[in-house]
Amino acid sequence: MVLWIASAFAAYFVKGVCGFANTLVLTSILSFRAVNADISPIDLLLGYPSNLILAWRNRRSLDPKVWIPLSLLVLAGSIPGALLLKNAGTGTIRIVFGFVVIFLGAEMLLREYGHGLSASKSLLGLIGVLSGVLCGLFGVGALLAAYVSRATTDMTGFKANISTVFIVENTFRLFLYGALGLFTTEIFRTFLLLIPFALLGLFLGIKSSGVLSEKFVRRLTAVLLIVSGISLVIKNLP
């Protein structure tokens with residue numbers, strides 16, 4: 001249980017700093033000791049209040065033109081996601097998306113140094129569609145971060161809008177997981193044990209982000225995107 005506590009603290013510290021990547025951190029640490037069927041429901045329960053807090057703290061930077069269409073894309077992603085899951089190997093799909101995430105993370109990092117691609121509406125739309133499918137398929141938010149980073153001008157706007165999209169997606173998954181019977185008594189016990197440490201990590205991360213330069217946080221976000229993509233590829237190699 002010490003590993004779970006440390007993982008929850010670390011995952012939500014990173015979320016407090018960057019606004020996402022809690023699932024990446026939590027899953028990366030715990031996947032050696034626990035199965036995804038136990039990790040995902042707990043991360044969902046921990047992430048829901050965390051997203052509410054981040055969205056409320058940064059609510060003045062919410063942009064309906066960003067979070068509403070992206071939320072709709074995420075929900076719509078469950079439709080092609082279901083078809084892909086039925087007719088194609090999920091491992092192959094994850095590898096493809098992993099390389100897409102690596103590319104977008106690298107491009108975001110290069111953009112910080114003045115060498116990125118131009119943010120055309122067509123490219124932004126393509127990223128939005130892909131992010132909706134990926135999140136609908138696997139609940140992975142890496143491409144959401146790539147989309148929102150292009151559609152917002154600062155980290156306050158980034159956190160506000162991506163957290164609101166996560167709230168919409170999380171609400172859908174809460175009902176889905178409930179219908180599938182993934183929320184057990186043991187899951188809720190673990191959640192109640194971990195939530196104080198997750199919230200402590202979140203608030204320390206928020207405080208740290210206020211001290212760190214925005215440029216550093218943006219670059220850290222780009223690096224986390226690249227790591228997310230690499231993780232998707234490695235975990236699904238045959």
Going from CD1 on I5 to CG on L193, what distance comes out if it is rounded to the nearest 0.5 angstrom? 5.0 Å
Pairs flagged by side chain to side chain donor-acceptor pair (under 3.5 Å) wherever residues 184-194 is involved - sequence neighbours left out: none
State whether the side chain of N161 and the backbone N or O of G157 hold a donor-acceptor pair below 3.5 Å, judged by distance alone. yes
What pairs of residues pass the ring-ring contact (aromatic ring centres under 6.0 Å, His included) test when at least one of them lies in residues 186-232, not counting sequence neighbours? F183-F188
Under the side-chain contact (heavy atoms from CB on, under 4.5 Å) rule, what do Y48 and I167 come out as? Steps first, then yes or no, please. CA-CA 6 Å; Y48 201 82; I167 290 169; 4.1 Å; yes
Roughly how far apart are N22 CG and L44 CG, rounded to 0.5 Å? 10.0 Å
Shared hydrophobic cluster for Y177 and L192 (ILVMFWY, side-chain gaps under 4.5 Å): yes
Write out all pairs satisfying salt bridge (Lys or Arg N to Asp or Glu O under 4.0 Å) with one or both partners inside residues 201-210, taking only residues at least two apart or from two chains. none
Let me confirm one number: the CD1-CZ distance from I230 to F99, rounded to the nearest 0.5 Å. 9.5 Å
Counting distance only, does the side-chain N/O of K159 pair as donor-acceptor with the main-chain N or O of D154 below 3.5 Å? no
Side chain to side chain contact (heavy atoms under 4.5 Å, CB included) filter on V14, not counting sequence neighbours, yields A21, V25, L224
Is there a continuous path of hydrophobic side-chain contacts, each under 4.5 Å between heavy atoms, that joins Y12 to M1? yes
Identify all side-chain donor-acceptor contacts of residues 50-66 below 3.5 Å with residues at least two apart in sequence or on another chain.
from: S50; atom 1: OG; to: L46; atom 2: O; distance (Å): 2.9
from: N51; atom 1: OD1; to: K15; atom 2: NZ; distance (Å): 2.8
from: N51; atom 1: ND2; to: G47; atom 2: O; distance (Å): 3.0
from: N51; atom 1: ND2; to: N170; atom 2: OD1; distance (Å): 2.9
from: N58; atom 1: ND2; to: L54; atom 2: O; distance (Å): 2.8
from: R59; atom 1: NH1; to: W56; atom 2: O; distance (Å): 2.6
from: D63; atom 1: OD1; to: K65; atom 2: N; distance (Å): 3.0

Nearest 0.5 angstrom please: I42 CD1 to W4 CH2, how far? 3.5 Å
Cluster link F175 to I187, ILVMFWY, side chain under 4.5 Å: no
Between P49 and I195, what is the shortest heavy-atom contact and its length? CG-CD1, 4.0 Å
Not counting sequence neighbours, which residues clear side-chain hydrogen bond (donor to acceptor under 3.5 Å, both in side chains) with S208? List them please. none
Please round to the nearest 0.5 Å and tell me the distance separating atom OG1 of T171 and atom CZ of F166. 13.0 Å
